Amino acid sequence: MRLRRAFFERYTPAVARDLLGCRLVRIDGGRRLSGVIVETEAYRGSRDPASHAYAGRTSRNAVMFGPAGCAYVYFTMGMHHCLNVTTEFPGTPGAVLLRAIEPLEGVSEMVRNRGSGAPAHIADGPGRLTKALAIDRRLNGEDLVTSEALWLESGSRPARIETSGRIGISKGTARRWRFFVEGSGFVSSGRPAAKAQNP
DNA sequence: TAATGGATGTTCT
DNA sequence: GAACATCCATTAT
């Protein structure tokens, strides 16, 4: 069953946790690609220095300030795209970064999209995930509640959920807003950012 | 297995 | 001009 708007209109870390076990579905060239979400991170607004929305609304992060349940796709590090889902309510920015999935349908398509292919590492990282699913900025702002190209479906909650600090950030490292399925084997290998120190 | 550094381009100061 | 929610190959242990 497709997730409805109300699922996303909640406290962002709660959405990030509840997305574990849900299915991400992508229609690419008429083919159905999908996988179970095994790793997410929560990003909020003016109180979260690691968030793109921390310094206020810009043309890049505008989607985070809009309705919940939409795709926020941005280009990072000169080479990669990252896929987020917006949360909370218009005017209160929030988004969940989808960091890894366990591939289910269209695995051979995903391997082809990725080019170099270690089979166990098709989508175990935010950049790898978007490349495997052929996601780029054309999907920025896509409404996942109604879209025919990209959406989320409910699943079964994993038995064991682990948390940690978020990966690859330099501020807001104290918050344990990364959520992943313990023992999954499809979780990214990144380590949480070290806790910030006073100079 | 762990650590390092290069590729690469958009965004914001 | 600096920073950046990354990935991968190469080098060192």
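The chains referred to below are lettered A, B, ... by the order of the sequence lines, with proteins before strands, and numbering in each begins at 1. Nothing here was measured: the structure is a model prediction, and the numbers come from that model.
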**Student:** Among C:dC8, B:dG9, C:dA5, which nucleotide has an atom closest to any side-chain atom of A:F75?
**Tutor:** B:dG9
**Student:** Of the candidate nucleotides B:dC12, C:dC8, C:dT6, which contains the atom at the shortest distance from the side chain of A:T58?
**Tutor:** B:dC12
**Student:** Could you check whether A:H81 and A:Y74 have their ring centres less than 6.0 Å apart?
**Tutor:** no
**Student:** Taking 4.0 Å as the cut-off, does a side-chain nitrogen or oxygen of A:R57 come that near to OP1 or OP2 on B:dC12?
**Tutor:** no
**Student:** Quick one: the dot-bracket string of DNA chain B, using Watson-Crick and G-U wobble pairs with both distances under 3.5 Å, [ ] for crossing pairs and | for bases paired to another strand.
**Tutor:** |||||||.||||.
**Student:** Among C:dT6, C:dA5, B:dT13, which is the nearest nucleotide to the side chain of A:A55?
**Tutor:** B:dT13
**Student:** Checking the side chain of A:N113 only, and the main-chain atoms of A:A132 only, is there a donor and an acceptor separated by less than 3.5 Å?
**Tutor:** yes
**Student:** Kindly say if A:S170 contacts the phosphate of C:dC4, meaning a side-chain N or O under 4.0 Å from OP1 or OP2.
**Tutor:** yes
**Student:** Can you check the A:H52 NE2 to B:dC12 P distance for me, whole Å?
**Tutor:** 9 Å
**Student:** Looking at the side chain of A:M79, which of B:dT8, B:dA3, C:dC8 is the nearest nucleotide?
**Tutor:** B:dT8
**Student:** Among the candidates C:dA5, C:dC4, C:dC8, find the nucleotide nearest to the side-chain atoms of A:R128.
**Tutor:** C:dC8
**Student:** Mind calculating the distance between CZ (A:R176) and P (C:dA5) to the nearest angstrom?
**Tutor:** 21 Å
**Student:** From CG of A:D136 over to P of B:dT10, roughly how many Å is that when rounded to an integer?
**Tutor:** 13 Å
**Student:** If we check side-chain contact (heavy atoms from CB on, under 4.5 Å) with A:R178, which of these qualifies: A:T163, A:V187, A:T40, A:L97?
**Tutor:** A:V187
**Student:** Is the shortest side-chain N to carboxylate O distance from A:E88 to A:R44 below 4.0 Å?
**Tutor:** yes
**Student:** Using centres under 5.5 Å plus planes under 30 degrees as the test, is A:Y43 stacked with C:dA5?
**Tutor:** yes
**Student:** Evaluate salt bridge (Lys or Arg N to Asp or Glu O under 4.0 Å) for A:E41 paired with A:R175, printing each intermediate quantity in order.
**Tutor:** CA-CA 11 Å; A:E41 284 178 3; A:R175 293 192 167 105; over 6 Å; no
**Student:** Taking atom P of C:dA3 as reference, at what distance in whole Å does atom CZ of A:R60 sit?
**Tutor:** 15 Å
**Student:** Tell me the interatomic distance from A:H81, atom NE2, to B:dT8, atom C1', rounded to whole angstroms.
**Tutor:** 12 Å
**Student:** Rounded to whole angstroms, how far apart are CD on A:E39 and P on C:dA5?
**Tutor:** 16 Å
**Student:** Between A:H80 and A:R137, which residue's closest nucleotide on DNA chain B lies nearer the 5′ terminus?
**Tutor:** A:H80
**Student:** Just call it for A:G127: base, sugar-phosphate, or nothing, with non-hydrogen atoms closer than 4.0 Å on any strand.
**Tutor:** sugar-phosphate
**Student:** Say whether, by atom type as modelled, one donor and one acceptor occur between the side chain of A:R99 and the main chain of A:G125 under 3.5 angstrom.
**Tutor:** no
**Student:** A:T12 side chain to A:A42 main-chain N or O, any donor-acceptor pair under 3.5 Å?
**Tutor:** no
**Student:** The side chain of A:I169 lies closest to which of these nucleotides: C:dC4, C:dA5, C:dC8?
**Tutor:** C:dA5
**Student:** Starting at atom CZ of A:R191, determine the distance to atom C1' of C:dT6, rounded to an integer number of angstrom.
**Tutor:** 15 Å
**Student:** Once you round it to whole Å, what is the distance between C1' of B:dG5 and CE of A:M77?
**Tutor:** 12 Å
**Student:** Of A:L83, A:D136, A:T130, which meets side-chain contact (heavy atoms from CB on, under 4.5 Å) against A:V73?
**Tutor:** A:L83
